[in-house]
Amino acid sequence: MTTETILIIGAAGNNGLATLKALVNKNNSNFTIRAGVRSANKAAQLESQFPAIETAVINLDAPETLTAAFEGVTKVFIIPGNVENRAQHAKHAIDAAVAAGTVKQVVLYSVVGAEWEAILFAKQFREAEKYLEASGLAWTHLRTIWFQENFLGWAEGVKQGNFYFGIRDGQFAPLNVGDIGEIAANILTSEGHENKAYNVTGPTLITGQEIANSFSKITNKTVHYVSPSEEATLESLLSAGWPEWQAKGVLELFEVFASNQAAVVSPDGEALLGRPLTALDAYLEKNKAAFI
């Protein structure tokens, strides 16, 4: 008999898809999976990909659209989107969870370092975290770091023999999105995570030069590491279509990496995953066709 209904807000994004996949793979009849997405087209795509799930079309800018999606929901994973007002989006979802009256736990996607509120991304997510903490609901903050999958956005440079990444000689630990999905699924389907904040990093600290060396290995050609100026990085991101607020946020994040403020490997991820985290080299080898 179904005892839980799990709602994923932001289900069509990379983290949402990874979480849906991990939940479906559990093949557990004790919970129903409901995917909250922005359009009927997205809903149809997910229903085709995951026939066992339910879908709900929602608009986080229109809170009244959330009521039906939260009907009977017992656990929620809120993944705020890449929009400037994502804290407000999270607040609308939290309000809907409170109003539903059935929600026992809310897992909030966030970022490592949110508690310090030192940069834009941290401030956005911490605003959502604090609102959730004050809601009266049982909460879990799933704080993550730079994704290994993000390097796909640097593929064109790598193909030309250069890895442009403005972190100077700093170290950080890139994290695999598939691992995040499995971790989220494990949290949502087990007990003991109430009112806890987890910091999830990748398994190994790595420098820009070491990443370039990894690209050299998988492409069988020399890939040079170049750490551009902030001005050059900003111009590159803007020309690639990044919104200005987000591009400037990335510059702040790169400075955190460059100054080794994020040079830490947390044990939380492996403990929650129940297996070793995915190494960057393993991810790049699996996806090397994108960089050749």
Side-chain angles (χ1 to χ4, degrees), residues 12-26 49-50 79 82 109 111-112 142-186 198-228 233 236-237 240 250 253-254 256-258 260 262-292:
N14 290 336
N15 283 289
L17 287 171
T19 304
L20 284 176
K21 180 180 179 181
L23 285 170
V24 169
N25 284 345
K26 287 182 178 292
Q49 187 174 356
F50 304 105
I79 310 171
N82 287 323
Y109 174 89
V111 292
V112 170
L142 180 55
R143 296 172 175 163
T144 69
I145 200 165
W146 184 268
F147 309 144
Q148 295 170 1
E149 287 79 357
N150 288 347
F151 292 123
L152 292 171
W154 276 253
E156 288 306 312
V158 171
K159 289 177 182 178
Q160 301 302 316
N162 294 296
F163 174 53
Y164 298 98
F165 205 66
I167 63 167
R168 303 193 296 278
D169 297 319
Q171 292 183 307
F172 69 115
L175 177 62
N176 186 268
V177 169
D179 289 352
I180 298 171
E182 288 187 42
I183 288 167
N186 288 346
Y198 294 116
N199 294 304
V200 181
T201 68
T204 307
L205 288 175
I206 195 166
T207 65
Q209 181 61 61
E210 289 168 332
I211 297 170
N213 293 345
S214 293
F215 281 128
S216 296
K217 181 180 177 181
I218 66 165
T219 61
N220 290 315
K221 67 180 183 183
T222 300
V223 176
H224 301 280
Y225 172 54
V226 181
S227 181
T233 298
S236 176
L237 292 173
V250 168
L253 181 61
F254 279 9
V256 168
F257 294 160
N260 284 320
V264 62
V265 172
S266 168
D268 290 354
E270 187 167 330
L272 291 163
L273 192 56
R275 63 165 174 79
L277 292 153
T278 301
L280 178 61
D281 279 354
Y283 169 77
L284 294 179
E285 177 64 30
K286 184 178 179 180
N287 294 275
K288 64 182 179 181
F291 301 98
I292 296 173

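Quick note: residue numbers are just sequence positions, from 1. Computed over heavy atoms, backbone and side chain alike; hydrogens, waters and symmetry mates excluded.
- Between the side chains of Gln148 and Asn176, a donor-acceptor pair is found at a separation under 3.5 Å.
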Would Trp154 and Phe215 count as a side chain to side chain contact (heavy atoms under 4.5 Å, CB included) here? Give the steps. CA-CA 11 Å; Trp154 276 253; Phe215 281 128; 5.7 Å; no

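- Considering NZ of Lys21 and CD of Gln49, their distance stands at 9.0 Å, rounded to 0.5 Å.
- One N or O on the side chain of Asn260 and one on the backbone of Gln171 form a donor-acceptor pair closer than 3.5 Å.
- Two residues are said to be in side-chain contact when any heavy atoms from C-beta on lie closer than 4.5 Å; Thr204 and Leu280 fail this criterion.
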- Task: Report the C-alpha distance between Tyr109 and Thr144 in whole Å, list the side-chain angles of each, state the deciding distance to 0.1 Å, and finish with yes or no for side chain to side chain donor-acceptor pair (under 3.5 Å).
- Result: CA-CA 8 Å; Tyr109 174 89; Thr144 69; 2.8 Å; yes

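- Note that CG of Asn15 and CG of Leu20 are 11.0 Å apart. Values are rounded to the nearest 0.5 Å.
- Under a cut-off of 6.0 angstrom, the local environment of CG in Asn25 is crowded, with over 12 non-hydrogen atoms contributed by other residues, nucleotides or ligands.
- In this structure, Tyr283 has no side chain to side chain donor-acceptor pair (under 3.5 Å) partners at least two apart in sequence or on a different chain.
- Leu23 places a side-chain heavy atom less than 4.5 Å from the side chain of Thr19.
- Checked against salt bridge (Lys or Arg N to Asp or Glu O under 4.0 Å), Lys159 has the following partners two or more places apart in sequence or in another chain: Glu156.
- Annotation: the span from Phe257 atom CZ to Leu205 atom CG amounts to 11.0 Å, rounded to 0.5 Å.
- For the pair Leu152 and Ala290, the tightest heavy-atom approach, listed with the atom from each and the gap, is CD2-CB, 3.7 Å.
- Distance CZ/Phe151 to CG/Asn287: 12.5 Å, rounded to 0.5 Å.
- Lys288 and Ile218 make their closest contact through CB-CD1, 3.7 Å (heavy atoms, listed as atom of the first residue, atom of the second, distance).
- Residues Tyr164 and Pro228 come closest through the heavy atom pair CB-CG, 4.0 Å.
- No side-chain heavy atom of Thr207 sits under 4.5 Å from any side-chain heavy atom of Asp169.
- Scanning all heavy atoms of the two residues, the minimum distance from Ala184 to Leu142 falls at CB-CD2, 3.9 Å.
- Counting only heavy atoms from C-beta outward, the side chains of Val226 and Phe163 never approach each other to under 4.5 Å.
- Applying the side chain to side chain donor-acceptor pair (under 3.5 Å) rule to pairs touching residues 219-228 yields nothing, sequence neighbours excluded.
- Smallest separation of non-hydrogen atoms from Ala212 and Val223: CB-O, 3.6 Å.
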Could you check Phe172 against Ile167 for side chain to side chain contact (heavy atoms under 4.5 Å, CB included), going step by step and ending with a plain yes or no?
-> CA-CA 9 Å; Phe172 69 115; Ile167 63 167; 3.5 Å; yes

Can I get a per-line list of side-chain donor-acceptor pairs under 3.5 Å for residues 263-277, giving both atom names and the distance, sequence neighbours left out?
unit_1 : atom_1 : unit_2 : atom_2 : d
Ser266 : OG     : Asn199 : O      : 2.6
Ser266 : OG     : Asp268 : N      : 3.1
Asp268 : OD2    : Asn199 : N      : 2.9
Arg275 : NH1    : Asp179 : OD1    : 3.4
Arg275 : NH2    : Asp179 : OD1    : 2.8
Arg275 : NH2    : Glu182 : OE2    : 2.9

Please assess Phe50 against Leu17 for the test side chain to side chain contact (heavy atoms under 4.5 Å, CB included), listing each intermediate value before the final yes or no. CA-CA 10 Å; Phe50 304 105; Leu17 287 171; 4.2 Å; yes

Point to revise | Evaluation steps, side chain to side chain contact (heavy atoms under 4.5 Å, CB included), between Gln209 and Asn213 | key: CA-CA 6 Å; Gln209 181 61 61; Asn213 293 345; 3.0 Å; yes

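- Taking Glu210 as the reference, nothing meets the salt bridge (Lys or Arg N to Asp or Glu O under 4.0 Å) condition, with sequence neighbours excluded.
- With sequence neighbours left out, the side chain to side chain donor-acceptor pair (under 3.5 Å) criterion links Asp281 to Ser214.
- Looking at heavy atoms from C-beta onward, Phe254 lies in side-chain contact with Trp146 at the 4.5 angstrom threshold.
- Among all heavy-atom pairs drawn from Glu149 and Leu175, the shortest one is OE1-O, 3.8 Å.
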